[in-house]
Amino acid sequence: MTRLLAVPLLLFAVLLILLFTGLKTADERQLIRSPLIGKPVPDFALPSLADPGRTITNDALAGRPYLINVWGSWCPACRIEHPFIVRLGEEAPVPLVGINWKDERDDALRWLERFGDGWDLQVVDYDSDLVIDLGVVAAPETFLVDHNGIIRHKHTGPIDAESFADLMQRSRGLAALAEQAQ
């Protein structure tokens, strides 16, 4: 009888150990490591959202660190993160570049008029060329780029208070490095 009871108890104990081990590493499994970390931002030439006749390239951003945020007016998570985008635009020591993705220009402009435009610069990626080259899975996604044009960090999903603080700290660090390099 003792043997019959020992086997199920042993199996139960093993399952509990596996469950607790899985819970302890769940946060680590949610991190999506980008293969572009440590690599240059892909070359691009995209129209400005505000002035479609103006083309913006990597050259416009050369020599200084910046943040890239991929968003769309159709994106519910982008609406959730938007107050933090506005704060980044006001408080970050580096420019904030918006990539408007899969959007109609009029819809994007109406959205900005309604909720505010925290970005320093907006480009439109109608064909998803840059977004695909960046490996974006879904909006919103945010990248931190150093003064040499190298991607140093990627945040997937909406920015919240914790990721805002992290992006601010990282931005300050890259801004300080850029100043030292001058």
Side-chain angles (χ1 to χ4, degrees), residues 31-72 75 77-78 81-101 103 105 108-109 111-112 115-182:
L31 292 175
I32 299 173
R33 309 233 190 277
S34 173
L36 291 181
I37 302 296
K39 296 195 173 135
V41 171
D43 287 333
F44 66 88
L46 295 171
S48 163
L49 178 62
D51 179 6
R54 177 178 166 218
T55 299
I56 299 170
T57 68
N58 293 51
D59 294 338
L61 303 164
R64 59 186 171 169
Y66 57 96
L67 286 157
I68 296 174
N69 176 257
V70 179
W71 71 282
C75 166
C78 297
E81 84 166 357
H82 195 69
F84 291 103
I85 292 297
V86 172
R87 280 189 62 199
L88 277 174
E90 294 170 352
E91 299 174 27
V94 300
L96 178 57
V97 178
I99 300 176
N100 181 249
W101 181 38
D103 224 339
R105 181 172 184 270
L109 292 173
W111 197 85
L112 292 174
F115 299 116
D117 186 352
W119 295 273
D120 295 294
L121 179 67
Q122 289 271 5
V123 296
V124 181
D125 193 359
Y126 291 115
D127 298 326
S128 301
D129 293 332
L130 178 56
V131 170
I132 289 170
D133 288 346
L134 286 169
V136 171
V137 177
E141 288 191 17
T142 304
F143 300 83
L144 183 57
V145 181
D146 72 12
H147 64 283
N148 294 314
I150 306 298
I151 298 170
R152 295 296 174 193
H153 177 71
K154 176 182 179 181
H155 175 75
T156 301
I159 296 169
D160 58 17
E162 185 178 328
S163 53
F164 173 84
D166 180 58
L167 287 167
M168 287 296 291
Q169 179 181 4
R170 290 172 187 266
S171 295
R172 285 185 195 110
L174 286 183
L177 286 174
E179 284 182 29
Q180 290 174 0
Q182 292 179 352

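Keep in mind it's a predicted model, so treat the numbers as computed, not measured. Counting from 1, the numbers follow the sequence of the chain as shown. For the numbers below, each heavy atom of this structure counts, side chains included, while hydrogens, waters and symmetry mates do not.
Residues satisfying the side-chain contact (heavy atoms from CB on, under 4.5 Å) criterion with A165, sequence neighbours excluded, are absent altogether. Legend: residues meeting side-chain contact (heavy atoms from CB on, under 4.5 Å) with I132, ordered by chain and number and at least two apart, are S128.
Residues P40 and I151 share a closest heavy-atom pair of O-CD1, 4.4 Å. Listed here is the closest heavy atom pair of D103 and Y126: O-CE2, 3.5 Å. Nearest heavy-atom pair, A139 versus C78, reported as atom, atom and distance to 0.1 Å: CB-SG, 3.9 Å. The two residues W119 and V97 come nearest to each other via the heavy atoms CD1-C, 3.6 Å. Shown here for S171 and L67, the closest heavy-atom pair between the two residues is OG-CD1, 3.8 Å.
Sorted by first and then second residue, the salt bridge (charged side-chain N to carboxylate O under 4.0 Å, His left out) pairs involving residues 117-134 (not counting sequence neighbours) form an empty list. Residue pairs meeting the side chain to side chain donor-acceptor pair (under 3.5 Å) criterion with at least one partner in residues 141-150, sequence neighbours excluded, are N69-T142, E141-K154, D146-R152. Counting only residues at least two apart or in different chains, salt bridge (charged side-chain N to carboxylate O under 4.0 Å, His left out) contacts with residues 159-180 comprise D166-R170.
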Distance-only donor-acceptor pairs under 3.5 Å for side chains of residues 82-96, two or more places apart:
| residue | atom | partner | partner atom | Å |
| --- | --- | --- | --- | --- |
| H82 | NE2 | F115 | O | 3.4 |
| H82 | NE2 | G116 | O | 2.8 |
| R87 | NE | E91 | OE2 | 3.2 |

What side-chain donor-acceptor pairs closer than 3.5 Å can you find for residues 43-52, not counting sequence neighbours?
| residue | atom | partner | partner atom | Å |
| --- | --- | --- | --- | --- |
| S48 | OG | A50 | N | 3.3 |
| S48 | OG | D51 | N | 3.2 |
| D51 | OD1 | G53 | N | 3.3 |

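For the atom pair CD1 of I99 and CZ of F143, the computed distance is 7.5 Å after rounding to the nearest 0.5 Å. Note: I56 CD1 to Q122 CD = 9.0 Å, rounded to the nearest 0.5 Å. H153 NE2 to Q169 CD: the interatomic distance, rounded to the nearest 0.5 Å, is 10.5 Å.
Within the 4.5 Å cutoff, the side chain of V41 has heavy atoms near those of the Y66 side chain. Looking at heavy atoms from C-beta onward, L130 lies in side-chain contact with P42 at the 4.5 angstrom threshold.
Environment of CZ in R54: sparse, with no more than 12 heavy atoms of neighbouring residues, nucleotides or ligands closer than 6.0 Å.
Side chain of E81 to main chain of I159: a donor-acceptor pair is present (N/O by atom type, distance under 3.5 Å, no hydrogens or angles).
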